[in-house]
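Take a look at the structure set out below.
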Amino acid sequence: MRIDILTLFPEMFDGPFNASILKRAVDRKLVSINLHNIRDYSHDKHRTVDDYPYGGGAGMVLKPEPIFEAVEAIKAQSHSEEGGILPVILLTPQGRLFSQQIAVEFSRYRQLVLICGRYEGVDERVVEHLVTDEVSIGDYVLSGGELAAMVVADVVVRLLPGVLGSEASPADDSHVAGLLEYAQYTRPAVYRGWPVPEVLLSGNHAQIARWRREQAILRTLRRRPDLISKASLSPEERLLLAKCCSS
Ligand code: ADE
């Protein structure tokens, strides 16, 4: 996969993309991440990228020309990409709420363009005529889309085949099946008098799998009851829940 990120602050990405799983994915060429400074596409010697809003009001608005031209330059570079649609995603608090499901959807594309908004917003013509999707990472306002783009890139990249390796699988992750993940333990078996649940030491894999599944369901019910109705549960599990909620 190729991810192109348009930002006014490319240096913000140095940390997250140079450590851990993202770095390993880049090193192994499972993903290439290309940062583009929107300012490089400005038209004047002051490298202006924003302007006052028409109609007045506080703050500055990102101008359309540099953003259109940056995306067009990216599209020209990737012309060989068999004519499929190129998702151009604007990170904005006004977008649809990012989720594991949306990450799975994004992970199926060969290329993504992420535009990091700044200031009071982006000229609406960018949204109407260039952007194919608007995404928010939560109901709060960041100083810009950069941190949101990092979150989206991280969540998508770890879904790409080969990124996590065989030792770890995203299948049990929280939110993958619409449930939170079960509790995890490692050695020592007893720490400060607190024991690891007996079943995990039993070596009985079927029993462990059953326990974990039950834990995931109960934990989701307690912490995120809003997720339960959409989770994929068997009829027996629904019954268990019904009993558990009525008592
Ligand atoms: N830019 C500012 N706040 C944001 C948010 N919550 N999600 C995505 N982009 C943003």
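Counting starts at 1 for both ligands and their atoms, following the listed order. The basis for the numbers below is simple: all heavy atoms, side chains too, and nothing from hydrogens, waters or symmetry mates. Because the structure is predicted, anything quoted here is derived from the model rather than measured.
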query: When only distance counts, is Gly138 in polar contact with ligand 1, meaning an N/O pair under 3.5 Å?
result: yes
query: Less than 3.5 Å between some nitrogen or oxygen of Leu142 and one of ligand 1, yes or no?
result: yes
Donor-acceptor under 3.5 Å ([X] side chain, [Y] main chain):
X	Y	result
Ser20	Leu22	no
Thr132	Val88	yes
Thr48	Asp50	no
Arg24	Val163	yes

- request: Provide the number and element of each atom of ligand 1 under 4.0 Å from a heavy atom of Val141.
  value: 3 (N)
- prompt: Counting heavy atoms only, which of Leu97, Leu147, Ile137, Val152 comes nearest to atom 7 (N) of ligand 1?
  reply: Ile137
Side chain, backbone, both or neither: Pro93 near ligand 1, heavy atoms under 4.0 Å: both
statement: Looking only at protein heavy atoms, what sits closest to atom 6 (N) of ligand 1 is Tyr140 O, 2.8 Å
message: If the contact criterion is a heavy-atom separation under 4.0 Å, does Val135 count as touching ligand 1?
response: yes
message: Return the CZ to CD1 distance between Arg212 and Ile217, rounded to the nearest 0.5 Å.
response: 14.5 Å
salt_bridge(Asp27, Lys29) N-O dist < 4.0 Å: no
